[in-house]
There are 2 protein chains.
Amino acid sequence: MPDSPAKKPSRIQQRNRRVILDAALEVFSKHGYRGATLDQIAAEAGLSKPNILYYFEGKEDIHVTLLSQLMDTWLDPLVALDPDGDPRREILDYVDRKLTMAGELPRESRLFANEILQGAPRISPELHSHLKPLFDEKCAVIAGWVEAGKLPPLDPQHLLFSIWATTQHYADFEAQAQVLLGAETNPQPRAAAHLRAMFGALLAQPSGAASVH
Amino acid sequence: MPDSPAKKPSRIQQRNRRVILDAALEVFSKHGYRGATLDQIAAEAGLSKPNILYYFEGKEDIHVTLLSQLMDTWLDPLVALDPDGDPRREILDYVDRKLTMAGELPRESRLFANEILQGAPRISPELHSHLKPLFDEKCAVIAGWVEAGKLPPLDPQHLLFSIWATTQHYADFEAQAQVLLGAETNPQPRAAAHLRAMFGALLAQPSGAASVH
DNA sequence: GTCTATAATGAGATAGAC
DNA sequence: GTCTATCTCATTATAGAC
């Protein structure tokens with residue numbers, strides 16, 4: 001690790017770190033943490049295995065670095081949810097942003113899903129420090145909208161869960177969707193229309209979620 | 001492999017196979033395919049490693065067996081969707097059944113999610129032979145309901161995706177939900193209420209999914 | 001049928017030359 | 001900074017005794 005007196009990473013160093021991280025994202029998202037090997041990452045990056053270990057302390061270091069960087073990007077769409085905007089519009093726009101992001105960054109989505117699925121062993125601290133506060137804050141915003149009568153009664157926490165689940169589904173379960181939809185070019189437009197209709201219906205509901213029975 | 005002249009597995013053999021499969025489900029669903037080791041499975045099953053390999057040809061054999069058995073159970077709730085029933089009721093009951101199943105069989109949900117997430121390398125044939133035909137059949141049923149005016153216009157394929165995504169989310173992303181909801185006893189009742197409200201709103205929508213802008 | 005011991009492979013990490 | 005060669009350990013699978 002090059003960090004003796006002056007800790008200024010050269011342009012080559014910065015570039016190599018990026019190349020390695022991009023290769024690692026490709027491999028980790030496809031095979032999971034344990035399924036990925038340094039050989040695969042090295043091959044994908046076009047570097048030798050020891051060279052990889054010159055830039056990172058080990059396999060886990062690479063993985064944690066990826067997850068940490070990802071977290072910020074991943075939360076951007078939710079950060080942008082504006083408490084002063086029109087409630088219905090804000091939430092539907094958030095759904096759009098989230099779906100777009102899953103479509104553009106499917107590897108990141110799968111990397112995250114892999115980690116959570118296995119109990120978040122390496123990203124748990126970030127969940128508490130970054131995700132939880134933001135989640136609570138935005139849930140309070142939505143709850144405020146409901147109390148102000150700007151939205152029908154609904155459960156902010158589970159609404160956000162549903163948004164996450166449905167938007168990330170297209171990245172995380174892509175293999176299944178490809179089998180079921182056939183070689184259809186791109187499911188995204190129809191997915192976007194469906195999700196707008198679904199969440200739009202929920203948010204437009206007059207009032208009092210009538211029991212179904 | 002005991003299959004020379006008479007292929008009748010003894011009661012002990014049947015029992016041991018079940019014990020091994022249950023242990024394997026526990027381990028595979030927690031660590032993924034590559035993350036799981038025969039040592040862990042053997043320890044969980046209370047058997048020796050060579051004994052495991054007496055009953056199964058290898059690690060992959062165990063995994064494939066699990067996935068194949070799971071597929072049938074997993075599709076039961078959808079099979080039960082009745083073309084002759086009340087459309088809205090049928091779909092909402094399906095959501096309930098799916099959520100209940102994910103709550104009762106979270107390990108199975110995660111095993112399946114792990115496999116799909118990594119591109120369904122081992123279960124792809126079953127997706128084509130079992131899931132696809134059923135999916136097409138039930139989509140046609142729902143499409144028929146829409147054409148008959150019994151349901152508002154909606155996209156059957158993406159409706160099913162949304163149902164799968166939201167119900168399985170609670171099992172697959174349990175680690176995240178636990179962080180965000182705190183040590184709350186059981187999210188299931190509120191999740192069920194939310195999903196009934198959401199899908200109920202979509203299905204009750206008068207007609208013509210109005211563009212949101 | 002089940003075990004102990006061990007072979008064979010694969011993968012993370014390091015030594016040391018260049 | 002980067003490479004070749006190597007070490008070490010974990011893991012799948014087998015051999016052979018009981």
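Every chain is numbered from 1, with letters handed out A, B, ... down the list of sequences. As the structure is a prediction and not an experimental result, all values here were calculated from the model.
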S.K.: Does the protein touch nucleotides 3-18 of chain C at the base, only the backbone, or not at all? Give it as B, S and - per nucleotide, heavy atoms under 4.0 Å.
M.R.: BBB-----SBBB----
S.K.: Does a side-chain N-to-carboxylate-O contact under 4.0 Å join A:D96 and A:R89?
M.R.: no
S.K.: Output yes when A:D155 and B:R190 qualify as a salt bridge under the 4.0 Å nitrogen-oxygen rule, no when they do not.
M.R.: yes
S.K.: For residues A:E126 and A:S68, is any side-chain donor paired with an opposing acceptor at under 3.5 Å?
M.R.: yes
S.K.: Any chance the rings of A:F199 and A:H194 have centres within less than 6.0 Å?
M.R.: no
S.K.: Measure from the ring center of A:F173 to the ring center of B:F112 and say whether it is less than 6.0 Å.
M.R.: no
